[in-house]
S.K.: 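Sending over a structure as structure tokens; questions will come in a sec.
Just so it is clear, the values below take in all heavy atoms, side chains as well, and ignore hydrogens, waters and symmetry mates. The sequence lines fix the lettering, A, B, ..., with proteins before strands; numbering per chain opens at 1.
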Amino acid sequence: MTESTVRVRFAPSPTGALHIGGARTAYFNWLFAKQQGGTMVLRIDDTDSARSTQASYQQIIDSLNWLGITWNEGPVVGGSYGPYRQSERKAIYEQEINRLIAQGKVYPCFCSVEQLQEDRDTAQREGRPQKYVGRCKHLSDDERKVRLKNGEQRVYRLHAPEKENMVFQDVLHGEVVVSSQEIDDFIVWKADGTPTYHFASCVDDALMKISHIIRAEEHLSNTPRHIALFDALGYSLPIFAHIPMILAPDRSKLSKRHGATSVEEYRQAGILPDALINYFLLLGFAPQKENDIISRQEAIEVFDLQRVTKHAAMYDIKKLEWMNAQYFRQIPVDIVLHNILSSLVSRGWITDDPSPQQLAWLRTIVAFVKERARNEQELMTMMSYYFEGISTYDRKGVTKYFASKEVVQRLRFAIEILIKVTPFTSVTIEEAYRQLITELGIKGGDLIHPTRLAISGVTVGPGLFDIMALLGRGQCIQRIEHAISAIDNGILFVE
RNA sequence: GGCCCCAUGGUCAAGCGGUUAAGACACUGCCCUUUCACGGCGGAAUCAGGGGUUCGAAUCCCCUUGGGGUCACCA
């Protein structure tokens, strides 16, 4: 088997949290690399020193780790094409730009930012394309020398290609044709002596021997520029694959106002990495499988870059939540218990050195409640009444189950039998309840629902008799008594 | 505004010239159950519009419309 030459990269800018769009791009790159036996490179595109932060860098690394998206070369792990942070590659860019200067492929431009802005405004007004007007393109060598010597602020622009059309292939979009008219002499080197994104990106992709550039579609329009750069630099072209973007539910570009957009936020909301990864796969790709639940390993096998959809997708939080529930339920009880232990302590629900009996009791609660929860947060909420008394009752439940005149009397009967049930187990409690129900000549629900509401405050949850056994005789009676007085006094809600 | 990309139910999507137009989430009806969740069985719901090409178009071509991207000394 020959060694694969597939090399892909994910190149985030550390200017914020890792976005779900970026995370999916990273995942698709990773999938492709794994499947092809290729190399995944992580590169940090931090040429913008003003906006890049160390905190963001760290968060991106953390998010990627959490998602299980690994890289063969990059920060932390190193590699033979490093360094992998653009801020550490300045010498390389300088060497490359000097080469281009020497070859006359770029030229200095002395136009001021204000001047350029004015040019653009004018073009906009007159309905012309917003391209560089070329003021500095044809300066004489002498003039350039003088102005350079005088230390005038300057950037460097690329002499854009003059051929008719630029044609390139995209794995998803096929042939894309752009008129060279559209590409102006864009800036590749900034006045502050640093490369622009386009320049650094192309230089790195070439030097890092990237074979496939799999990136978001927002870069499709930039690709002709990049090709011009690859050409000017004398490097061969990688293969391009522009994957669709992820849109907010209102079809606009995802932003903070749409709620959770970063991986970190989903993490905090209790979304499992496997669920998020699985959801990403489905957003833009249809595994031809029976089920939508696809493990990473399966994903690697079925993924096909060419079959990724071409249109943007809106993310659907509902499906993600459903997906999360699928994964959450598969986690063994003991693991879940272990995971929430510290939260239980910090809420004051248990002490930090629970006894074996208490642990066993907790385990049973988790086992029952877990079946109904979609994530840890929900689980915690649904467990609360095992640890805290009931002060407020579900509103709909009250009108439904506490309204009838007989309720109080029935609950009193219930207390009477609960006093006598021995031992106090799910089975014996149910027997006693059933007997009472028969004696009263009512339907099971007529007693069961009010009891549930009285002891848990809510109308949903595990089997009532299981809850009661777990809670213990004392708590059950106390809570029912409390409910009776609450009904009598009409104090059922605490705002 | 110029240019580029895209267009199947509410959402994700299968389909690649002939299908009763899959499936999943969501919604909804029934069943199971003390409730909820799970599960099972049903239901409603889609080819943006208009022209071609063809014996035959969701599928191919053109136009329109709509959405997105890009045109920065941001990435």
S.K.: From the set B/rU34, B/rC73, B/rC36, return the single nucleotide nearest to any side-chain atom of A/R452.
M.R.: B/rU34
S.K.: With sugar-phosphate meaning primed atoms plus P, OP1 and OP2, does A/V177 contact a base, only sugar-phosphate, or nothing at under 4.0 Å between heavy atoms?
M.R.: sugar-phosphate
S.K.: In whole Å, what is the span from the CD atom of A/E118 to the C1' atom of B/rA72?
M.R.: 17 Å
S.K.: Minimum heavy-atom separation for A/P161 and A/S180, please, with both atom names.
M.R.: O-CB, 3.8 Å
S.K.: According to the Watson-Crick and G-U wobble definitions, with both distances under 3.5 Å, which nucleotide is paired to B/rC30?
M.R.: B/rG40
S.K.: A/D184: what forms a side chain to side chain donor-acceptor pair (under 3.5 Å) with it, not counting sequence neighbours?
M.R.: none
S.K.: Consider the side chain of A/T309, meaning its heavy atoms from C-beta on, and name the nucleotide among B/rC71, B/rC4, B/rA14 that approaches it most closely.
M.R.: B/rA14
S.K.: Give me the distance, rounded to whole Å, that separates B/rG66 from B/rC25 when you measure between the P atoms they each carry.
M.R.: 35 Å
S.K.: Just say parallel, tilted or perpendicular for the rings of A/F465 and A/Y433, cut-offs at 30° and 60°.
M.R.: perpendicular
S.K.: May I ask you to establish whether A/R157 and A/Y132 are in a cation-pi arrangement, using a distance under 6.0 Å from NZ or CZ to the six-membered ring centre and at most 45° from the ring axis?
M.R.: yes
S.K.: Between B/rC27 and B/rU46, how far is it from one C1' atom to the other, in whole Å?
M.R.: 15 Å
S.K.: If you assign A/A11 and A/V176 each to the RNA chain B nucleotide with the nearest heavy atom, which residue ends up on the more 5' nucleotide?
M.R.: A/V176
S.K.: Between C1' on B/rG2 and CD1 on A/I183, what's the gap in Å once rounded to a whole number?
M.R.: 13 Å
S.K.: What nucleotide among B/rG15, B/rC12, B/rC73 has an atom nearest to a side-chain atom of A/K190?
M.R.: B/rC73
S.K.: Using the P atom as the reference point in each nucleotide, state the distance between B/rC63 and B/rC4 in Å, no decimals.
M.R.: 11 Å
S.K.: Would you say B/rG15 has OP1 or OP2 under 4.0 Å from some side-chain N or O of A/Q288?
M.R.: yes
S.K.: Out of B/rU35, B/rG69, B/rA72, which has the shortest distance to the side chain of A/M245?
M.R.: B/rG69
S.K.: Categorize A/T47 for me: base, sugar-phosphate, or nothing, with a 4.0 angstrom heavy-atom threshold over every strand shown.
M.R.: sugar-phosphate
S.K.: Using atom P in both nucleotides, what's the gap between B/rC36 and B/rU28 to the nearest angstrom?
M.R.: 13 Å
S.K.: Expressed in whole Å, how much space separates the C1' atoms belonging to B/rC71 and B/rA13?
M.R.: 33 Å
S.K.: Work out which heavy atom in A/A469 is nearest to a heavy atom in A/I429; give both atom names and the distance.
M.R.: N-CD1, 3.8 Å
S.K.: Any base atoms under 4.0 Å from A/G461, or only sugar-phosphate, or nothing? Heavy atoms, all strands.
M.R.: base
S.K.: Please report, rounded to the nearest Å, how far the C1' atom of B/rA13 is from the CG atom of A/D304.
M.R.: 16 Å
S.K.: Choose from B/rU70, B/rC74, B/rU35 the nucleotide whose nearest atom is closest to any side-chain atom of A/N222.
M.R.: B/rU70
S.K.: Tell me what A/P462 touches on the nucleic acid: a base, only sugar-phosphate, or nothing, going by heavy atoms under 4.0 Å.
M.R.: base
S.K.: Choose from B/rU35, B/rC73, B/rA14 the nucleotide whose nearest atom is closest to any side-chain atom of A/A286.
M.R.: B/rA14
S.K.: Atom CZ of A/F110 and atom P of B/rC73: how far apart are they, to the nearest Å?
M.R.: 16 Å
S.K.: How would you label the contact of A/G284 with the nucleic acid (heavy atoms, under 4.0 Å): base, sugar-phosphate, or nothing?
M.R.: sugar-phosphate
S.K.: Could you tell me whether A/K318 atom NZ has more than 12 heavy atoms of other residues or ligands within 6.0 Å of it?
M.R.: no
S.K.: Less than 3.5 Å apart, any donor N or O on the side chain of A/Q326 or A/Q330 sitting next to an acceptor on the other?
M.R.: no
S.K.: Which nucleotide sits closest to the side chain of A/S221: B/rA37, B/rA72, B/rG69?
M.R.: B/rG69
S.K.: Rounding to an integer number of angstrom, what distance separates B/rA57 and B/rG51 when you compare their P atoms?
M.R.: 13 Å
S.K.: Taking the inter-plane angle between the rings of A/F285 and A/F303 on a 0 to 90° scale, is it parallel (under 30°), tilted (30 to 60°) or perpendicular (over 60°)?
M.R.: tilted
S.K.: Just checking A/H219: base, sugar-phosphate only, or nothing, at a heavy-atom cut-off of under 4.0 Å?
M.R.: base
S.K.: How far does the C1' atom of B/rA7 sit from the matching atom of B/rG18, given to the nearest Å?
M.R.: 24 Å
S.K.: Using heavy atoms to find the nearest nucleotide of RNA chain B for A/L116 and A/R24 separately, return the residue whose nucleotide is more 5′.
M.R.: A/R24
S.K.: Distance-only check: which donor-acceptor pairs under 3.5 Å involve side-chain atoms of residues 165-178 of chain A, not counting sequence neighbours?
M.R.:
from, atom 1, to, atom 2, distance (Å)
A/D170, OD1, A/L172, N, 2.8
A/D170, OD1, A/H173, N, 3.0
A/D170, OD2, A/H242, N, 3.1
A/D170, OD2, A/H242, ND1, 2.7
A/H173, NE2, A/H242, O, 3.4

S.K.: Can you measure A/L453 atom CG to B/rC36 atom P for me and round it to whole angstrom units?
M.R.: 14 Å
S.K.: Is there a Watson-Crick or G-U wobble partner for B/rA24 with both distances under 3.5 Å, and if so, which one is it?
M.R.: B/rU11
S.K.: Under a 3.5 Å limit for both distances, which nucleotide forms a Watson-Crick or G-U wobble pair with B/rG2, could you say?
M.R.: B/rU70
S.K.: What's the CZ-C1' distance between A/R434 and B/rU33, to the nearest Å?
M.R.: 11 Å
S.K.: Among A/R9, A/R85, A/Q86, which one satisfies side chain to side chain donor-acceptor pair (under 3.5 Å) with A/D45?
M.R.: A/Q86
S.K.: Scan nucleotides 7-11 of chain B against the protein and return all N/O pairs shorter than 3.5 Å with their distances rounded to 0.1 Å.
M.R.:
none

S.K.: Give one of base, sugar-phosphate or nothing for A/R120, where a contact means two heavy atoms less than 4.0 Å apart.
M.R.: sugar-phosphate
S.K.: Quick check for you: among B/rC38, B/rC4, B/rC36, whose closest atom lies nearest to any side-chain atom of A/R329?
M.R.: B/rC38
S.K.: When you measure from the side chain of A/L464, which nucleotide among B/rU34, B/rC5, B/rC71 comes out closest?
M.R.: B/rU34
S.K.: Both distances under 3.5 Å, Watson-Crick or G-U wobble: report the partner of B/rG56, or none.
M.R.: none
S.K.: Check this one for me: any side-chain N or O of A/H173 less than 4.0 Å away from OP1 or OP2 of B/rC6?
M.R.: yes
S.K.: In this structure, how many angstroms lie between the C1' atom of B/rA24 and the CG atom of A/L283, rounded?
M.R.: 13 Å
S.K.: Could you check how far CZ of A/R225 sits from C1' of B/rC74, rounded to whole Å?
M.R.: 14 Å
S.K.: With A/R24 as the cation and A/F28 as the aromatic partner, state whether NZ or CZ is under 6.0 Å from the six-membered ring centre and within 45° of the axis.
M.R.: yes
S.K.: Given the C1' atoms of B/rG67 and B/rG49, what is the spacing between them in whole Å?
M.R.: 15 Å
